[in-house]
Amino acid sequence: MSKEMAPPPSSFGKGQRGKPVVKPKDMKGTLRRLWELTQGQRQGLGWLMLLSAVASASTILSPLLIGTAVTAIDTGNPALQLLILLAALYLTDWLVRFLQQFFMAAIGQRIILHIRSTLFEKMKALPLSFFDSRQHGELMSRLTNDVDNISTTISDSLTQLMTYGFTIIGILCIMLRLSLPLTCIAFISVWLIFLLTRTITKHTRKLFAQQQQILGKLNGQVEESISGLNMVKAFGREAEMTEQFEESNARLCQVATKAQIWSGFLMPLTNVINNLNFVIVAVVSGILAAYGRISVGLISSFLLYSRQFSRPFVDIANIYNNFQTAVAGAERIFEILEEEPEPADAPDALPLTAPRGEVEFSHVTFGYQAQEPVLKDVSFRVPAGTRVAVVGSTGAGKTTLINLLTRFYDVNSGSILLDGRDLRQYRLQDLRRTFGVVLQDTALFGMSVRDNISYGNKDVLPERIRAAAKTAGADSFIRRLPQGYDTPIGENGAKLSGGERQRISIARALLKNAPIVLLDEATASLDVENETKVQGALSRLLAGKTVLVIAHRMRTVAGADHIVVLENGRVAEQGTPAELMEKGGLYRRMVELQSHSAQWQLNGNE
Ligand code: UTP
Ligand code: MG
């Protein structure tokens, strides 16, 4: 089925009439890929097909049997055998439908399990740059909603479609055999229903899409009002907030009512057509019977068939729309599966067991978008076991240095060397093990404090966790928490203060005991007194390791062996703190500015 096909009559039936349909871009290609995903379940699908054929056979045969029984009774012949056969047929029908459900549930869920794990595996392997340019909520919806859509479609629609396919063909054959003129009448009514559904759903589809859009807006407003309620109150914007909400709410009411009314037309109108068809078939067949052209039994069979004939058409329209939406969802999933993963290690990638810890940036140029370099020709060296500080104004590219070192991103040109070799020559996993990182945006998980600190370090002794927490200045506040180290800290540590979160992530990095430590504004949320304490403990503990510190507060970096000043992505100056003070450049200006403002604050507090 290609996209240039005329739009089918839209949805009809259980509460889904005219739901907005998302059209797939490449139906054939996506279906082929979906089919590939069913590998391993083909046998089950074969069984399902067989069951569908049996199910439709029983649907098709029963009116014929009823008709024959009526004729038998009408002509005074025994009909008991026929009735027993009919009962057996109904029983088979029930059993087959049950088995169909059983197979479908099992197959559908197994396929979905496979898709979901493949997708998750893929997301794990994707480079961070992939996530930068996408809304996270949207990606999550692919993992949940889109996959769910496929699942429902596979388990509901597929069985129905198979059964209907067999049923329509079977019934058509029998109806044609029974009577050509009556079949023509039945066909006209099916055609009318088809046209009617198409006309009405063209209209309702627009309305439902509008409803969806307003609902999305309303959700956004509610979410924003709740999350920003303190600001709303602080700026006294309650009245405006309510007004905006009321406006959207009223619009939603209006559009939803229209949509419901329109879609409500469909069912009764279809019934009218169906009933008219029934009457016309009855009248015509009555006339034919009066002339002795057909039997009474044939009439009852035919009437039942014509009813059964129109039903699949109405349902198929609905199923087809759901099907399109699911295929479009599958397309979004395949889009992710096709993304380029993080480059794999070269076959000759080097292991990295005991690095000395010498880092060198050599003429590094890099941009998150290739045409907009963030770092330009950056070169500096961090000898093993020394402490290098990077300073510079906000947006200068400091965090970017860490993103490159940990190979979250790769340089565009130039190279970064670890122990004299390009980072890209090492096994990625080994490389990442080499760094203990405290990122500027602390990322914690919704588990206990203990699990957060020992993250990635299984079976670590409680004493070591405690020691790390002590060095990070976190032990005392953790012990004051209701369940101490076992207290759950909420999503991304929501129950903790900014400084508490930072200290936990410092403890986590310390526990990793990696040879190179990267601290990006690791103590920026702490007050001066606590920062001094934590920095002191850190420098004692990290003595002998290679440390890269990024900080805004000059006091934090004063103890470094070497200082690199970044300005607009370029190294503006570098040297020991003393050298840079003497030089009287940017660094000195920053130091003086900060001691000035500190002085000013002190005076102001007096
Ligand atoms: P950095 O994040 O490296 O700046 O971004 P910084 O020096 O650490 O700044 P502060 O002190 O933490 O505030 C450098 C540039 O890279 C861009 C930013 O907009 C900034 O101009 N950038 C950063 C991106 O384009 N994409 C990203 O994912 C991150
Ligand atoms: Mg930064």
Side-chain angles (χ1 to χ4, degrees), residues 123 126-139 339-340 342 359 361-380 382 387-414 416 423 432 435-444 492 498-499 501-502 505-506 509 516-526 528 531 535 538 547-558 560 562-574 580 585-587 589-591 593-594 597:
M123 284 208 182
L126 285 172
L128 288 176
S129 52
F130 171 82
F131 297 94
D132 288 349
S133 50
R134 283 171 181 79
Q135 256 194 332
H136 294 182
E138 202 255 340
L139 287 177
E339 282 290 329
E340 211 49 51
E342 256 183 340
V359 174
F361 279 72
S362 167
H363 304 286
V364 169
T365 296
F366 167 78
Y368 293 94
Q369 279 90 40
Q371 63 278 21
E372 278 175 55
V374 169
L375 293 179
K376 296 155 214 156
D377 195 29
V378 169
S379 296
F380 65 91
V382 187
R387 190 181 171 88
V388 169
V390 179
V391 297
S393 49
T394 167
K398 304 180 296 293
T399 302
T400 308
L401 292 178
I402 290 191
N403 287 340
L404 294 179
L405 257 178
T406 45
R407 284 199 65 199
F408 291 156
Y409 303 84
D410 276 331
V411 297
N412 296 356
S413 68
I416 303 176
L423 291 184
R432 296 215 171 122
F435 298 109
V437 235
V438 179
L439 295 179
Q440 189 169 19
D441 301 316
T442 41
L444 298 178
N492 196 17
R501 280 204 292 274
Q502 270 197 333
S505 64
I506 294 176
I516 302 177
V517 179
L518 311 173
L519 304 171
D520 191 356
E521 300 283 1
T523 49
S525 301
L526 303 188
V528 176
E531 181 176 32
Q535 285 290 350
L538 274 179
V547 184
L548 188 80
V549 195
I550 293 171
H552 274 129
R553 289 189 194 152
M554 291 302 140
R555 199 185 300 106
T556 324
V557 302
H562 189 83
I563 286 182
V564 177
V565 184
L566 271 190
E567 181 69 7
N568 284 328
R570 287 184 194 280
V571 177
E573 53 186 23
Q574 55 177 318
L580 292 184
L586 255 175
Y587 175 73
R589 270 223 303 287
M590 285 195 269
V591 173
L593 206 66
Q594 283 198 7
S597 64

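Counting convention: from 1, in listed order, for ligands and their atoms alike. This chain uses plain numbering: 1 for the first residue, then up along the sequence.
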**Prompt:** Between Leu566 and Val390, is any pair of side-chain heavy atoms under 4.5 Å apart?
**Reply:** yes
**Item:** Residues Arg589, Glu573: salt bridge by 4.0 Å N-O rule
**Value:** no
**Asked** Cut-off 3.5 Å, side chains only: do Thr400 and Tyr368 have a donor facing an acceptor?
**Response** yes
Starting from the N and O atoms of ligand 1, find every protein N or O within less than 3.5 Å and list the pair with its distance.
unit_1   : atom_1 : unit_2 : atom_2 : d
ligand 1 : 3 (O)  : Lys398 : N      : 3.4
ligand 1 : 3 (O)  : Thr399 : N      : 3.3
ligand 1 : 3 (O)  : Thr400 : N      : 2.9
ligand 1 : 3 (O)  : Thr400 : OG1    : 2.5
ligand 1 : 7 (O)  : Ala396 : N      : 3.2
ligand 1 : 7 (O)  : Gly397 : N      : 2.9
ligand 1 : 7 (O)  : Lys398 : N      : 2.8
ligand 1 : 7 (O)  : Lys398 : NZ     : 3.0
ligand 1 : 8 (O)  : Thr399 : N      : 2.9
ligand 1 : 8 (O)  : Thr399 : OG1    : 2.6
ligand 1 : 9 (O)  : Gly395 : N      : 2.8
ligand 1 : 11 (O) : Lys398 : NZ     : 2.7
ligand 1 : 11 (O) : His552 : NE2    : 3.4
ligand 1 : 12 (O) : Gln440 : OE1    : 2.9
ligand 1 : 12 (O) : Gln440 : NE2    : 2.7
ligand 1 : 13 (O) : Thr394 : OG1    : 2.6

**Message:** Treating Glu339 as the side-chain partner and Pro127 as the backbone partner, does any N or O pair qualify as donor plus acceptor under 3.5 Å?
**Reply:** no
**Asked** Do the side-chain N and O atoms of Thr399 and Asp520 include a donor-acceptor pair separated by under 3.5 angstrom?
**Response** yes
**Request:** Indicate yes or no for a side-chain donor-acceptor contact from Glu521 to the backbone of Val549 under 3.5 Å, with no hydrogens or angles considered.
**Result:** no
**Request:** May I ask you to check whether Thr399 brings an N, O or S atom to under 2.8 Å from the Mg ion (ligand 2)?
**Result:** yes
**Prompt:** Under 2.8 Å from the Mg ion (ligand 2), is there an N/O/S atom belonging to Thr394?
**Reply:** no
**Asked** Just checking, is any N or O donor in the side chain of Gln535 or Thr523 under 3.5 Å from an acceptor N or O on the other one?
**Response** yes
